[in-house]
Participant: 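Sending over a structure as C-alpha cells; questions will come in a sec.
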Amino acid sequence: MEIPKAYDPKLAEERHYSRWETQGCFAPEINRDPAAPVYSIVIPPPNVTGSLHMGHALQHTIMDVLARYHRMRGYRTLWLPGEDHAGISTQIQVEKQLRKEEKLTRHDIGREKFLERVWRWKERYGGEILNQMRREGASVDWSRRRFTMDEGLSRAVREFFVRMYEKGWIYRGPGMINWCPKDRTALSDLEVDKTAQAGKLFYLQYPVKNSDRRVTVATTRPETMLGDTAVAVSPKDERYADLVGATLLLPIVGREIQVVADDFVDPEFGTGAVKVTPAHDPNDYQMGLRHDLPRIVVIDSDARMTVDAGTEFEGLDRYEARELVVKKFEELGLLEKVVDYEFSISKCGRCATVIEPLISTQWFLKQAALGRKPLELIREKHQPRFVPEAPYEKVYTNWLEGLHDWTLSRQLWWGHRIPAWYNEAGNVFVARTEEDARRRAGTDKLTQDPDVLDTWFSSALWPISTLGWPDETDDLKTFYPTSVLVTARDIIFLWVARMMMTGLEFAGERAFDDVFITGTIFDKTGQRMSKSKGNGVDPLEVFGKYGVDATRLVLASIGTTDTRWNDTQVESYRNFANKIWNAARFCLLNSEGAQVGRGFEGEPSTWALHDRWIMSRLQKATRDTSLAIEAYDFHAAVQTIYHFFWDDFCDWYIELAKADVTAPDPSPARDAARSRALTVLEQALRLLHPFMPFITEDLWLRLPGVGTGQLHAAYKHAEPTVMLAEFPQAREELIDERAESEIQSLVELISRVRNIRAEMNIKPGEEVQLHITTEGGARARIFSESAAQIARLTRAGSVNIYDSKGTNFPRASARAVLAGGAEVVVPLEGLIDFAQERERLRREQEKLGKEAEKIEAQLANPNFVGRAPAEKVEELRQRAADITQRTRMLAETLEALSE
RNA sequence: GGCCGGUUAACUCAGCGGCUAGAGUGCCUGUCUUACAAACAGGGGGUCGAAGGUUCGAGUCCUUCACCGGCCACCA
C-alpha cells in the first residue's frame, strides 16, 4: 500500500466534501430511524456582503462538531444554512458600485431599477461565506438553504407585522429617533454605538426678562439652543425656586421661553439649569411632552440648520452652526465659560457618523409587550440555558427587564417593504397583501409605505421562518424548537432575545434550548480583529497553511474563551494531524491478514496486559469525550482525545505491540495483534471525526474491514463513511484499573532506565543490562511477562528479574528505586562516575525528603487526621510508607557507593 | 453611576476545595532507533496579581485593593 510519509491536508480536503454532499449525508433525511431523536441548529445567517472571518470559523466549528457528534449518535440532525439580506450594508455596497461604475446615485435610476441591481449583485457576489463553509467542512443541509428575502421568509415578515399591528403592538407615529445623516435613515437604539468623546461643555447665559439676572445653562451642543423652548430646573432646587415660571429671553433668537421645574434635572450637575430642546434631544423631548412645550425643528435630516434656525444659520452644517452660536454668545457677553469635558456620543453603528436625534414619524414595536414571555421563561425556568451561564443569563434578563419601543422603519430601498398602504386621504391599511389592503380600503388608489423594515425584524423570525412558518410545515413540527444557538455575544439583544420573543409568540415555544456564546478572538497584541484595522487573520490562509482540521481543533478549544490568536497553536495541531496520519500509516503498512473489529475475542482476562490497558484507556477517553461534548466543554474533549491518541496509543501501545505487529512471519497471533491496533485506531478516528472530519474520513476509508457494518443503525443503507459511523459508547466493563496501574509501573521502570541512560550519556545504540529486584508479587510477574518489551523500549541486552533483594551487582552501577520498592540496577563498568552517581541519588533523596516532610506535618496535625475524610488520611499514610521505604533503599545504595 | 469578566511557566491557555499545579509552543541535552525530525528520548522552568479571612486543607470559597477588558444607563 502506498502511503506518503507526511500528511497533506489539501488532498483530503478536496476529496470528501462533495461526496458527502451528493450522497445526502448532511440532510436529516439520511436518517431512516423513525424513532430517532432530533437535533437541530439554525446558522446565524451571515450578511450577503460578508466574507469569512475567524469569528465565523469559530462559530461554524462549534456548530459542526455538535452536528457531526449528534448525527453519529443517531440523531435526525439538521444544520440549516442561509444568509441575511443586511439592509444598510448591502445597499451601501451596491450604491458604491453604482457610483464607481456609472457615476450614478440610486435616485438617478429609481427604486425599481436599483432593486434589480441589488438582486443581481446578490446573485453574483453574495453567498461567498456559504461557499467558504464547504471548505470548513461544515455539514449543513444545502437543500434547506434560506435567504431572509426569500418569498417564504418575506411572507413570514408580513405575517409578523400584521399580527403585531392587529394586536396594537406595532404602531406608527412621531417619536424621537436616532437619525444617521449620512445613511439618511432612522436606526434603532441597538444600531447606535456610544463612544466616549473628548469635548467641551459650554456655559451659556440666558437673561431673565425684565431683570438683570441671568440663568446659566451648560451644554455640549450650543447649536441646539436655537431650538430651545424652555429651561428646566429641579423642583427641589432652592437656588431657582423663585425663577420657576419666569420668562427668559433666548439670546440671538429673542424668543421668550419659560423656566419649568422637572424632576429629570439633577441639581448637582452643571449649573442645575438645563436648556430644553424638545426637537433635538431624547430627554428634552420627554420633558417637552410633560410641560407641553413647543417643538422647534432647527436641524434637518442632512444635519444642516433649517430656516427656523434663523437666516444667519439656515443651511449651515451643525458644527459650523455651533461655532457661530458660540461666537455670538461671546460677542453678547453671554458666554460664561468653556470647560473640557468628556461625554458619550452616539455614532451610527454602520458608518460612524454622529447620530442626530430627530423627531420623525416612524413605525415602532412595543418590545416590552413582546418581551414578557421570554422574561418569564428565563426567570422561572432558566430557559434558554446560556453557555457560559455567567454573565450572559443575567445580561439577557436585565435587558428584557428594561425594554423600549423598537424603531422598525428604515428609509432604505433594500429590505422588506412595510406592508402598509395609504389612501388618498392618508388613512393607513396594514395588510398581508396589497389586494387585501385594497379590499379593505375599498379603492385601488393606494400608495405603499416607502420604507423598509429593520434587517433584524426578519432575523427575529429566522428559526421559525426558515422552517416554514406561518405554515405548519413538517419541518417546523420536527425541528422546532432548535437545540442550540451558537453565536457571538454582541448580538444577544439584537438577535437572540428577539428570536425568543417571536418563537414564543408565534410557535408557542422557545426558539432554542441552549445558547452557546463563543469567545472573542483578538490579534496577538490583544486588539480586536477588524477590517478597518487590517489586523484580522484570514481563516482561509490558515487553512491553507496548516489544514482545516488543525484549525478546527484550535477553534473548538477556544470555545467560550477570549483568546489572542496564535499560529503556533495551529501548528501543533497540524503536527497532531501528521501524527494521526503516521500512526495510521504504521497500522496500514502492517495490516496484511488483519481487519478492523477483530483481535479482541474472548474474555478480557485472557488478553495481554497492554491490550487490556489500551481498551481501558479507550473506554475512558470515549466516556470523557462524550461527556465533554455534551457539556459544551470542547477544550476538554480535544485534550482527552489528543492525549489518548498521542500518549497512550502512539507512545505506548504501538511501541508495546510493535514486536507482535511487525513479526516477520505471518501467524494468527500476528494477524490478531495487527487487528487490535487497527480496531483501536478505528475507534479513535470516530472520536476525532466531529473535530477533524477530513483526515478521519480519509484514513477511515482505507482501513481493512470497515464498511456498512460500522455505520450507526439509522444509516445502514448509506455508503460507508465515518461521518455516519456510530459515535463510540464507552463500555464500562472494559475499564480495568488494575491493568492501568500495572502499565503505570512498567512505564515508570522504562522511564527511569531511559533517564539513567540520558544522564549517563549512554549512546542510543549501545545496549545495557538490567537487573531488577522486586519483593516478589505482582511487580515480579509484570516485569517478567513484559521483559521483552522492557528490553526493546530501554535498549537492553538482557533483563534479569529477581524476586528478592540481596543479589550482588557490580558496584559500578546506576540505580533507581521505583514506587512499591522495586529497584533497577544498570551496570555501567567504566562508564560511571561515582561522584556523579552519588550526586544524582542524593538529589533524588532530597526530593523524597521534602515530600515526606510535608506529608508528615500533615499527618501530625490532629485536626487533619480527625476531620479529613478517612480515605484521604489513609492515602497519605500509604504514600508516607512508600517514601520511607524508598528513602531507606536509596540510603543503602548510597552507602554501598561510598568508600 | 450600575453590573460583569480576566489576572496561573517566556508565550497561548487548562485546572475552580484535597495525589509532588498541568498542556501545547519556546528553551537546554542527545538521537535520522525500519509509522512519524511536523518525530523520538531526557531535562530545566511557576511564592497561581496583592493583602486579609473562612477551612484540618485554598490558584480553587469570601472580603478589600491594584491593573486590564467588557456590557448597561436619560446626566445636560
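Given the structure is predicted, the values throughout are model-derived calculations rather than measurements. Side chains included, hydrogens not; waters and symmetry mates left out as well; all remaining heavy atoms used. Residue numbering restarts at 1 for every chain, and letters A, B, ... go by the order of the sequence lines.
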Participant: Check whether any side-chain N or O of Trp646(A) sits under 4.0 Å from OP1 or OP2 of C40(B), and answer yes or no.
Facilitator: yes
Participant: Mind checking if Thr271(A) touches a base, just sugar-phosphate, or nothing, with heavy atoms under 4.0 Å?
Facilitator: nothing
Participant: Rounded to whole angstrom units, what separation is found between the CD atom of Glu389(A) and the P atom of C3(B)?
Facilitator: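 One finds 19 Å between P of C3(B) and CD of Glu389(A), rounded.
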Participant: Please evaluate residues Tyr7(A) and Asp549(A) with respect to the criterion side chain to side chain contact (heavy atoms under 4.5 Å, CB included), reporting the C-alpha separation (whole Å), side-chain torsions for both, the decisive distance (0.1 Å), and the verdict.
Facilitator: CA-CA 12 Å; Tyr7(A) 172 54; Asp549(A) 288 335; 3.8 Å; yes
Participant: Using a heavy-atom cut-off of 4.0 Å across all strands, would you classify Lys5(A) as base, sugar-phosphate, or nothing?
Facilitator: sugar-phosphate
Participant: With under 30° as parallel and over 60° as perpendicular, where do the rings of Tyr341(A) and Phe269(A) fit, or are they tilted in between?
Facilitator: perpendicular
Participant: What distance, rounded to whole Å, do you find between the two C1' atoms, one in U20(B) and one in U54(B)?
Facilitator: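 Looking at atom C1' only, U20(B) and U54(B) are 26 Å apart.
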Participant: Remember a base hit wins even if backbone is also touched, and classify Asp562(A) as base, sugar-phosphate or nothing at under 4.0 Å, heavy atoms.
Facilitator: sugar-phosphate
Participant: Nearest-nucleotide wise, let me know which of Gln858(A) and Ala390(A) is further upstream toward the 5' end of RNA chain B.
Facilitator: Ala390(A)
Participant: Report yes if a side-chain nitrogen or oxygen of Thr568(A) is closer than 4.0 Å to either non-bridging phosphate oxygen (OP1 or OP2) of G26(B); otherwise report no.
Facilitator: no
Participant: Look at Asn863(A) and U55(B) and indicate whether a side-chain polar atom (N or O) is within less than 4.0 Å of OP1 or OP2.
Facilitator: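 Answer is no, no contact under 4.0 Å.
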Participant: Test for a donor-acceptor pair under 3.5 Å between the base of A41(B) and the side chain of Glu759(A), counting only N and O atoms.
Facilitator: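 Between A41(B) and Glu759(A), which were checked side chain against base, a qualifying N/O pair under 3.5 Å is absent.
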Participant: Is the cationic atom of Lys658(A) (NZ for Lys, CZ for Arg) positioned less than 6.0 Å from the six-membered ring centroid of Phe586(A) and within 45 degrees of its normal?
Facilitator: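 Ring-cation test returns yes.
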Participant: Whole Å only: how far is the CZ atom of Phe202(A) from the P atom of C75(B)?
Facilitator: 20 Å
Participant: Return the 5'-most residue of the pair Lys872(A), Arg754(A) with respect to RNA chain B, ranking by each residue's nearest nucleotide.
Facilitator: Lys872(A)
Participant: Expressed as a whole number of angstroms, how long is the span from Arg795(A):CZ to C40(B):C1'?
Facilitator: 12 Å
Participant: Considering every strand shown, what is the Watson-Crick or G-U wobble mate of G57(B) when both distances are under 3.5 Å?
Facilitator: none
Participant: Give me the ring orientation class for Phe576(A) and Tyr573(A): parallel if the planes are under 30° apart, tilted from 30 to 60°, perpendicular past 60°.
Facilitator: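 Correct class here is perpendicular.
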Participant: Report which part of the nucleic acid Asp266(A) touches: base, sugar-phosphate, or nothing (heavy-atom distance under 4.0 Å, all strands).
Facilitator: base
Participant: Should the pair Tyr206(A) and Phe329(A) be assigned to parallel (<30°), tilted (30 to 60°) or perpendicular (>60°) ring geometry?
Facilitator: tilted
Participant: Specify the separation, in whole Å, of atom CG of Asp523(A) and atom P of G69(B).
Facilitator: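 Whole-Å distance recorded here is 14 Å.
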Participant: Using whole Å, report how far CG of Asn575(A) lies from P of U25(B).
Facilitator: 7 Å
Participant: When you compare A21(B) with G46(B), how far apart are their C1' atoms, in angstrom units rounded to a whole number?
Facilitator: 8 Å
Participant: Does G5(B) have a Watson-Crick or wobble partner in any strand here, with both distances under 3.5 angstrom, and which is it?
Facilitator: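 Check on G5(B): paired to C68(B), both distances under 3.5 Å.
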Participant: Taking the basic N atoms (NZ, or NE/NH1/NH2) and the acidic carboxylate oxygens, is any pair closer than 4.0 Å for Asp567(A) and Lys545(A)?
Facilitator: yes
Participant: Please evaluate the base of A38(B) for a donor-acceptor partner in the side chain of Arg574(A) within a cut-off of under 3.5 Å?
Facilitator: yes
Participant: Just name whichever nucleotide pairs with G44(B), Watson-Crick or G-U, keeping both distances under 3.5 Å, else none.
Facilitator: none
Participant: Is there a donor-acceptor pair closer than 3.5 Å between any side-chain N or O of Trp581(A) and the backbone N or O of Ile695(A)?
Facilitator: no
Participant: Classify the nucleic acid contact of Tyr642(A) as base, sugar-phosphate or nothing, counting any heavy atom under 4.0 Å across all strands shown.
Facilitator: sugar-phosphate
Participant: Does OP1 or OP2 of A35(B) have a side-chain N or O of Lys658(A) closer than 4.0 Å?
Facilitator: yes
Participant: Glu655(A) near the nucleic acid: base, sugar-phosphate alone, or nothing, with a heavy-atom cut-off under 4.0 Å?
Facilitator: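 Here Glu655(A) touches the bases of the nucleic acid.
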Participant: Between U60(B) and A50(B), how many Å separate the two P atoms, rounded to a whole number?
Facilitator: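 Those two atoms are separated by 10 Å.
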Participant: Counting only side-chain N and O atoms of Tyr392(A), is one of them less than 4.0 Å from OP1 or OP2 of G5(B)?
Facilitator: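 No.
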Participant: Looking at Arg879(A), I'd like to know whether one of its side-chain N or O atoms comes within less than 4.0 Å of OP1 or OP2 on C19(B).
Facilitator: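 So the side chain of Arg879(A) is outside the cut-off, no N or O lying under 4.0 Å from OP1 or OP2 of C19(B).
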Participant: Please determine, for U25(B), whether a Watson-Crick or G-U wobble partner exists with both distances under 3.5 Å, and give it or none.
Facilitator: A10(B)
Participant: Does G59(B) sit syn or anti, given that only angles within 90° of 0 count as syn?
Facilitator: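 Classified syn.
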Participant: Take the protein atom CG of Asn590(A) and the nucleotide atom C1' of C36(B), then report the distance between them rounded to whole Å.
Facilitator: 14 Å
Participant: Look through every strand shown and name the nucleotide pairing with U20(B) as Watson-Crick or G-U wobble, where both distances are under 3.5 Å.
Facilitator: none
Participant: Under 4.0 angstrom, heavy atoms only, what part of the nucleic acid is Ser557(A) near: base, sugar-phosphate, or nothing?
Facilitator: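 The answer is nothing, as Ser557(A) stays clear of every strand by at least 4.0 Å.
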Participant: Closer than 4.0 Å, any side-chain N/O of Lys394(A) to the OP1 or OP2 of C4(B)?
Facilitator: yes
Participant: Using both distances under 3.5 Å as the test, list the Watson-Crick or G-U wobble partner of G52(B), or none.
Facilitator: C62(B)
Participant: Rounded to the Å, how far apart are Phe645(A) CZ and A35(B) P?
Facilitator: 15 Å
Participant: Would you kindly give the CG-to-P distance between Leu403(A) and C72(B), to the nearest whole Å?
Facilitator: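 These atoms are roughly 14 Å apart.
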Participant: What contact category does Phe493(A) fall into here, base, sugar-phosphate, or nothing, at under 4.0 angstrom with non-hydrogen atoms?
Facilitator: sugar-phosphate
Participant: Quick one: pull up CG in Leu58(A) and CH2 in Trp565(A) and give me the separation to the nearest 0.5 Å.
Facilitator: 9.0 Å
